[in-house]
Amino acid sequence: MRSALVLVAVLGCGPGIPGSAPPAKQPATSIELAAVAPQLPPGERLAFTVYWSDVAVGRAELANDVDRVHSSFRTTELASALVDLRFDLVSQLAHGWPRSLVETVVTGGKAEHVRASLARGSYQLANAPVQLAPEDGPVHSLHTALGIVRAWSRRHDKGSGHLWLLHRGKLFRLDVFGPVRDAVAGKPALRVDAVARAIDRSREVALSIWLGAGDARLPLQITARSEGELMTAELAAP
């Protein structure tokens, strides 16, 4: 439960009917999304209810500022009887692009911190050597990855794209597939299916992201499937 729960909570979006699972194989042709500026409107504040299967297990919040994005997740009192989980992610930005991140996971009172510097072509975990990024492209946080998907969907791209992101100290390749028109909770939406794969092949998460059809491309819902579990994050009413 923990790995899928954390990923959904950090992505910070939004039970409804899950979308079809994205293709398991990496697409034969895919464009790198490095040139797409993340859509992270300053001042945006969003809250989400997170479900494990059909049971509400917590609340996630996402706050965008000019040079900083912060997301948090807390399990409910009832869910904490099974797994007491708190998660915080802070991405520092420069001109809209990620420059560093700090992830904090607290489980059962034990805290784990991951700090990293991000750059175009490389990344560096705290007290570790600099690592070169695949394809010499930028490395993103989960925040800016979601922002890129929001911006990319406005172009109505029909092909596939990918980017690299760092999560819990692991490098992931995120493959996204062209948006399709759909609806969620009675609202028109675009659904973007995606697969996040750890570069060391230790983890794979299948995602479906429903974005509002308007220019804001508000994340209405996300589902994540990992290790046979289904997590859903649903945008809460203002």
Side-chain angles (χ1 to χ4, degrees), residues 1-14 37-52 56-76 79-80 83-94 96-107 111-118 123 139-151 163-172 174 176 192 194 196 203 205 207-212 216-224 226 231-238:
M1 174 179 175
R2 175 174 156 180
S3 61
L5 183 55
V6 167
L7 186 58
V8 177
V10 174
L11 285 172
C13 359
Q39 183 171 326
L40 298 167
E44 185 177 69
R45 301 289 186 268
L46 303 174
F48 307 86
T49 303
V50 180
Y51 297 83
W52 178 37
V57 293
R59 177 182 175 89
E61 297 182 351
L62 179 69
N64 297 336
D65 292 309
V66 173
D67 58 358
R68 183 178 185 270
V69 185
H70 175 226
S71 60
S72 62
F73 172 80
R74 303 289 185 273
T75 46
T76 63
S80 295
V83 54
D84 183 10
L85 177 64
R86 291 182 291 148
F87 185 95
D88 284 278
L89 171 63
V90 176
S91 299
Q92 295 291 344
L93 311 177
W97 295 91
R99 288 297 174 259
S100 66
L101 64 82
V102 179
E103 294 175 295
T104 302
V105 180
V106 181
T107 308
E112 175 188 350
H113 305 280
V114 176
R115 295 178 174 85
S117 299
L118 308 176
Y123 65 96
V139 175
H140 289 273
S141 69
L142 286 169
H143 292 146
T144 53
L146 176 60
I148 285 176
V149 171
R150 292 172 69 178
L163 56 83
W164 299 93
L165 64 89
L166 199 64
H167 173 58
R168 302 289 305 283
K170 289 182 179 290
L171 189 64
F172 284 79
L174 179 69
V176 296
V192 177
R203 187 178 304 168
V205 182
L207 300 160
S208 291
I209 306 168
W210 283 263
L211 302 171
R217 288 295 195 263
L218 279 177
L220 303 177
Q221 180 175 296
I222 284 184
T223 62
S226 178
M231 303 300 301
T232 303
E234 182 183 79
L235 183 64

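Keep in mind that this is a model prediction, so the values were computed, not measured.
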Measure across [X] and [Y] and return the closest heavy-atom pair with its distance rounded to 0.1 Å.
X: Leu165; Y: Ala145; value: CD2-CB, 3.9 Å
X: Ala56; Y: Thr49; value: CB-CG2, 4.2 Å
X: Leu207; Y: Ala224; value: CD2-CB, 3.6 Å
X: Phe73; Y: Val57; value: CZ-O, 4.3 Å
X: Ala151; Y: Ala37; value: CB-O, 3.4 Å
X: Val66; Y: Leu93; value: O-CD1, 4.1 Å

Next item on the list: Take His140 and Leu118, measure what side chain to side chain contact (heavy atoms under 4.5 Å, CB included) needs, and give me the verdict at the end.
Entry: CA-CA 7 Å; His140 289 273; Leu118 308 176; 5.9 Å; no
Residues passing the salt bridge (Lys or Arg N to Asp or Glu O under 4.0 Å) test with Arg74, sequence neighbours excluded, are Asp88
Sequence neighbours excluded, the answer for salt bridge (Lys or Arg N to Asp or Glu O under 4.0 Å) partners of Asp65 is Arg45
Nearest 0.5 Å, please: how far is [atom2] in [Y] from [atom1] in [X]?
X: Leu142; Y: Leu101; atom1: CG; atom2: CG; value: 8.5 Å
X: Leu166; Y: Ser91; atom1: CG; atom2: OG; value: 10.0 Å
X: Arg59; Y: Phe48; atom1: CZ; atom2: CZ; value: 10.0 Å
X: Leu62; Y: Leu46; atom1: CG; atom2: CG; value: 5.5 Å
X: Thr104; Y: Phe87; atom1: OG1; atom2: CZ; value: 8.0 Å
X: Ile209; Y: Thr223; atom1: CD1; atom2: OG1; value: 9.0 Å

When you compare the side chain of [Y] with that of [X], does any pair of heavy atoms fall below 4.5 Å?
X: Pro219; Y: Arg150; answer: yes
X: Asp67; Y: Arg99; answer: no
X: Val176; Y: Ile148; answer: no
X: His143; Y: Asn64; answer: no

Q. If only atom types and distance count, is the side chain of Arg217 paired as donor or acceptor with the main-chain N or O of Leu211 below 3.5 Å?
A. no
Sequence neighbours excluded, the answer for side-chain contact (heavy atoms from CB on, under 4.5 Å) partners of Ala111 is Val106, His113
Is there a donor in the side chain of Glu103 and an acceptor in the side chain of His167, or the other way round, less than 3.5 Å apart? yes
